Amino acid sequence: MSRYKKLLEPGYIGKVKTRNRIIKTGAAMNYWHKDDLKMNPKVKAFYEAFAKGGVGLLVVESPIVDYPLGGRWPQRYRLDDDRFIDGLKELVEVIHKHDCPTFLLLWHDGPWQNPLFPDVPPLYEGPPVGSYPIKLDTPLDFHRDLPRKLTISEIEEIIDKFAQAALRAKKAGFDGVEINAASSHLFHNFLSPFWNRREDDYGGSTENRARILINTIKEIKNRAGKDFAVSVIMNAIELGRAFGVQDDKCLTFEEAKKIALLLEEAGADALHVRSHWLGYHVGGFLPDYFFYPEPPVKDFPSLYYAKLHGKAANILLAAQLKKYLKIPIILVGKMDPDLGEKALREGKADFIAMNRRLLADPELPRKLAEGREDEIAPCTACGTCLDQSKGMERRCRINAAMGKEDPTIETSRDRKKVVIIGAGPAGMEAARISALRGHEVTLIEKEPKIGGLLDLAFLVKGPTPEDVLSIVKYYKTQLKRLKVNVITNKKADIELIKKLSPDVLIIAAGGKIVTPQIKGIDSKIVLTSDILHKQAKKYLKIFGPRLLYLLTKIWIPIGKRVVIIGGNLQGCEIAEFLVKRGRQVTIVEEGEKIGQGVVDFRLALLLEWFNKKGVSIYNNAKVLEITNKGVIIEKNGDRLLLEADTVIPLAPMMPNEELVEIFKNFAKEIYVIGDCKEPSLIVDAIASAWETARKI
Ligand SMILES: Cc1cc2nc3c(=O)[nH]c(=O)nc-3n(C[C@H](O)[C@H](O)[C@H](O)COP(=O)(O)O)c2cc1C
Ligand code: SF4
C-alpha cells in the first residue's frame with residue numbers, strides 16, 4: 001500500500017472529480033500579457049507540465065476580471081471581454097488532454113498595489129479602490145496609497161463582472177472557478193472589520209461585510225449553473241498583533257467561521273483556507289516567510305500552528321472549520337506530501353494545496369504514485385519564484401525548465417562522452433541533463449563530496465526557511481539513478497582528462513575568491529573570504545554542516561563588534577548569521593543600496609529586521625583603511641572610524657576561465673558554465689547548466 005494512500009485518492013469538489021487530493025494553487029507567473037488573445041506557448045507549456053505530472057486539480061492563475069481597476073500591472077491575462085475566451089480555451093484543451101480537471105482563479109486586487117516593482121507602470125492612474133479609505137504605511141505590505149471607497153453601484157458592477165468572467169471560464173471549458181477572497185485583496189478588504197468601516201449594506205455586521213462575496217457566489221451559480229464548481233479562498237484568521245493592532249480588531253476565527261458557513265449556504269463547493277498577518281503581506285500567503293529572519297511576534301494564537309516555522313501553519317484553522325462545514329476543506333501553506341497525508345488521515349482537511357513544491361517539480365504527484373518520492377526535486381523555499389527584481393517573469397531556482405516554451409529534454413542522437421569538472425549546482429545539473437539525454441557522463445570533484453559551496457551556504461543560511469542541503473541530496477539520488485560516474489577527492493588534471501578522452505568538456509569549477517585591495521588588509525583583525533572559506537571547510541569536514549551550524553551558536557572565532565565591507569547577498573547573509581549570534585554588526589557598502597542579489601521581498605524583511613536589531617548600514621561609503629581599531633571610511637565628505645574587533649572584507653567572486661586554456665586541446669567541444677563563467681546565484685548556475693547541457 002502506498003505511503004500516500006489518502007493523498008492519492010480521488011475526491012470531489014461539487015460535481016468535479018479530482019484525480020487525487022493534491023491541488024496546484026493558482027499563482028501568477030506573469031508569462032502572459034493583458035493584450036494576449038492567443039494563448040502564449042510558454043503558458044501552455046507551464047500548465048501542461050502539471051497536468052502531465054498527475055496533479056489532482058489544476059488551478060490556473062487569475063486573469064483580470066475588472067479591467068483595469070481589478071489588476072495593477074500588465075503581466076496578467078484579461079477576462080473582461082468575450083474576445084479573451086478563445087485563448088483560455090486553447091489552454092484548457094492542453095490541460096484536459098491529460099484528463100486533469102482545472103479551475104480558473106478569479107480575483108480583484110482592490111486596494112493592493114505593487115510598490116515593490118517600481119519599474120513596472122501601473123495599469124491605471126489615480127488611487128486604487130477598496131471598501132473604505134484605509135492604508136498601511138509599511139514597505140512590507142501593499143497598501144501605501146489611500147484607496148477610494150467603492151460606491152454601491154460599483155460594488156454591484158464588480159459582482160456582475162465576476163459572474164460574467166465565470167461564465168466565460170465555463171465557455172472556455174474550465175470545470176470551475178476559485179475566488180480569491182484571501183490575502184488583502186478586495187473581497188478580504190470587505191470581509192475584515194479592520195479594513196471595512198462602511199455603514200451601508202456592505203459594511204457593519206458580518207452578513208453585510210460578506211454580502212459582496214455571497215452575492216458573487218450566488219450570481220456565478222445563477223449564470224453558470226449550480227454544477228459549475230465554485231471554490232473560495234479565504235483567510236480563516238487575520239492577525240494584527242505583529243503590526244501593533246489588536247487581533248480582535250481584525251477578522252477573528254469566530255467571525256471567519258460564521259462567514260464560511262454563509263459562503264457554504266450561498267453555494268460554495270469548497271473552502272481553501274489561508275491566514276493573514278496584517279502588515280506582512282508575504283508572510284500571510286507564504287507562512288514560512290513570517291518567520292524570516294525571525295518572527296515579528298513571540299506569542300502566536302492557539303489556532304495558528306507555529307511549531308514548524310510556517311510549515312502547515314493553517315492546519316488547526318482548517319481542522320476547526322472542517323468540524324462545522326460540510327463542503328471540502330482545502331489546506332494550503334508550506335505543505336509537503338508527508339504533512340499532507342497525515343492531515344488527511346487525521347481528518348483535518350479534505351484536499352492539500354501546494355504551489356512551490358509543484359513549481360520545483362510538477363511531476364511530484366506522479367512520482368508519489370509510482371513510489372519514486374526520493375526522486376522529487378525539492379523546493380528550497382528560496383523565494384526566487386516571487387522575486388521581481390530581475391524581471392516580472394517567474395523563475396525557479398531548481399526547475400530551470402519552468403517558464404520555457406520548450407521544456408523538453410530530448411535524447412541525443414549521438415551518445416557522447418561528457419566530462420564535467422566541478423560538482424557544485426551547475427556541474428551537478430549539467431551532469432543530470434547530459435545523462436538524461438543519454439550521454440556517458442563523468443563528474444569530477446576535487447573535494448570529498450559533491451555540492452560545491454552548498455555546505456558553506458547552509459552554514460550561513462541555516463536550515464530555515466531555505467533548505468539548501470536538499471539540493472545536494474536530490475542530485476546525489478539523481479546522479480546515482482542516471483549512472484553518472486562521480487569521481488570525488490580528485491583534482492582534474494591533464495592526465496585524468498586525457499585518460500577520460502571526452503567529446504565534451506564542461507567546466508563548472510566555480511568562481512575565484514578575491515580579496516579586496518584595501519590599505520591595512522593584513523591587519524590582525526581582518527578575516528578575508530579566503531580565510532573564512534578555509535576555516536569553514538576544515539570544520540565542515542570534521543563536523544558536517546548540520547552539527548557545525550549548531551556549534552556556531554556556541555562559539556565562532558569572531559569578535560563582538562564586526563564590520564562587514566560589502567553589502568551584497570553574501571554580506572547581508574553573513575550579517576544575519578552574526579546578529580543571530582549576538583554580534584554587533586556594521587555594513588559598509590560602496591553603492592547606493594545594500595542587498596544586491598537578495599530576493600526583493602526577503603530584502604524588505606531583512607532590512608526591517610536589521611533596523612530592529614541595530615545593524616548600522618553605511619552606504620555610498622568609501623573604505624579608506626583598516627587599522628587594528630577598525631575601519632576608516634569616508635561618507636558625505638566626513639572621515640569616520642567604525643570601531644571593530646573583526647573586519648570581514650568581501651568582494652564579488654571573479655570568473656575562472658583559466659581551466660579553458662589548460663584543457664582546450666583535450667575535447668572537441670568545451671563549455672564554461674556557472675560561477676566559473678559568471679559568478680552569480682544558484683538559480684543562474686543551474687539555469688546555465690540546463691541551457692548548455694540540453695544542446696550537447
Ligand atoms: C510566485 C508566486 C505567485 C503567487 N501568485 C498568487 C496569485 O496570483 N494568487 C493567489 O491567490 N496566490 C498566489 N500565490 C500564493 C500561492 O497560490 C500559495 O498559496 C502559496 O504559494 C502557498 O503555498 P506553498 O507553500 O505550497 O507554496 C503565489 C505564490 C507564489 C510563490
Ligand atoms: S524558486 Fe525557490 S521557492 Fe520558488 S519553487 Fe523554486 S525552489 Fe521553491
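Everything numeric here is computed off the predicted structure, so don't read it as measured data. Ligands are counted one by one from 1 in listed order, and the atoms in each one are counted from 1 as well.
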Any nitrogen or oxygen of Gly26, side chain or backbone, less than 3.5 Å from one on ligand 1?
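N/O-N/O distance below 3.5 Å exists for this pair.
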Is the side chain of Arg432 donor-acceptor paired with the backbone N or O of Gly427 at a distance under 3.5 Å, no angle test?
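Such a contact is absent between Arg432 side chain and Gly427 backbone.
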Ring geometry between Phe290 and Tyr304 (parallel below 30°, tilted from 30 to 60°, perpendicular above 60°):
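Perpendicular, since the angle between the ring planes exceeds 60°.
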Specify whether His108 and Phe162 have parallel, tilted or perpendicular ring planes, treating 30° as the upper limit for parallel and 60° as the lower limit for perpendicular.
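Rings of His108 and Phe162: parallel, under 30°.
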Strictly by modelled atom types, are [X] and [Y] linked by a side-chain donor-acceptor pair under 3.5 Å?
{"X": "Asn30", "Y": "Gln388", "value": "yes"}
{"X": "Glu61", "Y": "Tyr47", "value": "yes"}
{"X": "Glu238", "Y": "Trp195", "value": "yes"}

Specify the protein heavy atom at minimum distance from [atom]: its residue, its atom name, and the distance to 0.1 Å.
{"atom": "atom 29 (C) of ligand 1", "answer": "Asn355 ND2, 3.2 Å"}
{"atom": "atom 5 (S) of ligand 2", "answer": "Arg356 O, 3.4 Å"}
{"atom": "atom 4 (Fe) of ligand 2", "answer": "Cys385 SG, 2.4 Å"}
{"atom": "atom 6 (Fe) of ligand 2", "answer": "Cys396 SG, 2.4 Å"}
{"atom": "atom 7 (S) of ligand 2", "answer": "Thr380 N, 3.3 Å"}
{"atom": "atom 27 (O) of ligand 1", "answer": "Arg356 NE, 2.7 Å"}
{"atom": "atom 28 (C) of ligand 1", "answer": "Ala27 CB, 3.6 Å"}
{"atom": "atom 20 (C) of ligand 1", "answer": "Phe285 O, 3.5 Å"}

Assess whether atom NZ of Lys6 is packed by more than 12 heavy atoms of other residues, nucleotides or ligands within 6.0 Å.
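Open: at most 12 neighbouring heavy atoms sit under 6.0 Å from NZ of Lys6.
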More than 12 non-hydrogen atoms from neighbouring residues, nucleotides or ligands closer than 6.0 Å to CD on Glu608, yes or no?
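More than 12 heavy atoms, drawn from other residues, nucleotides or ligands, come within 6.0 Å of this atom.
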Show which atoms of ligand 1 fall inside a sub-4.0 Å distance from at least one heavy-atom site of [X].
{"X": "Val332", "answer": "19 (O), 23 (O)"}
{"X": "Arg76", "answer": "8 (O)"}
{"X": "Cys385", "answer": "1 (C), 31 (C)"}
{"X": "Thr25", "answer": "16 (C), 17 (O), 18 (C)"}
{"X": "Leu105", "answer": "9 (N), 10 (C), 11 (O)"}
{"X": "Leu386", "answer": "1 (C), 2 (C), 3 (C), 30 (C), 31 (C)"}

If the threshold is 4.0 Å, N to carboxylate O, is there a salt bridge linking [X] and [Y]?
{"X": "Asp66", "Y": "Lys161", "result": "yes"}
{"X": "Glu393", "Y": "Lys42", "result": "yes"}
{"X": "Glu691", "Y": "Lys404", "result": "yes"}

Step-by-step side chain to side chain donor-acceptor pair (under 3.5 Å) determination, Ser231 to Asp269
CA-CA 5 Å; Ser231 165; Asp269 296 293; over 6 Å; no
Are Glu576 and Arg602 close enough, and set up right, to give a salt bridge (charged side-chain N to carboxylate O under 4.0 Å, His left out), and what steps lead you there?
CA-CA 12 Å; Glu576 181 192 332; Arg602 289 180 60 154; 5.4 Å; no
Does [X] come within less than 4.0 angstrom of ligand 1, counting non-hydrogen atoms of the residue?
{"X": "His185", "answer": "no"}
{"X": "Met354", "answer": "yes"}
{"X": "Arg394", "answer": "yes"}

Are any of the side-chain heavy atoms of Thr380 and Arg397 separated by less than 4.5 Å?
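Sidechains of Arg397 and Thr380: in contact.
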Report the part of Arg274 (side chain from C-beta onward, or backbone N, CA, C, O) that has a heavy atom under 4.0 Å from ligand 1; answer both or neither where that applies.
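Looking at Arg274 and ligand 1, just side chain atoms fall under 4.0 Å.
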Report the part of Leu359 (side chain from C-beta onward, or backbone N, CA, C, O) that has a heavy atom under 4.0 Å from ligand 1; answer both or neither where that applies.
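Neither; no heavy atom under 4.0 Å.
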Option of least heavy-atom distance to atom 5 (N) of ligand 1 (set: Ala381, Ala28, Ala312)
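Among Ala381, Ala28, Ala312, the closest heavy atom to atom 5 (N) of ligand 1 comes from Ala28.
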Atom pair OG1/CZ of Thr384 and Arg395 - distance to nearest 0.5 Å:
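So the gap between those two atoms works out to 7.0 Å.
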Just jot down the ligand 2 atoms closer than 4.0 angstrom to any heavy atom of [X], in number order.
{"X": "Gly383", "answer": "2 (Fe), 3 (S)"}
{"X": "Cys382", "answer": "1 (S), 2 (Fe), 3 (S), 7 (S)"}
{"X": "Arg397", "answer": "1 (S), 6 (Fe)"}

With heavy atoms only and a cut-off of under 4.0 Å, state how Ala381 meets ligand 2: side chain, backbone, both or neither.
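It is the backbone that touches ligand 2; the side chain stays farther off.
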Answer yes or no for Cys379: is there an N/O/S atom below the 2.8 Å cut-off from atom 8 (Fe) of ligand 2?
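Short answer: yes, at least one N, O or S atom is under the cut-off.
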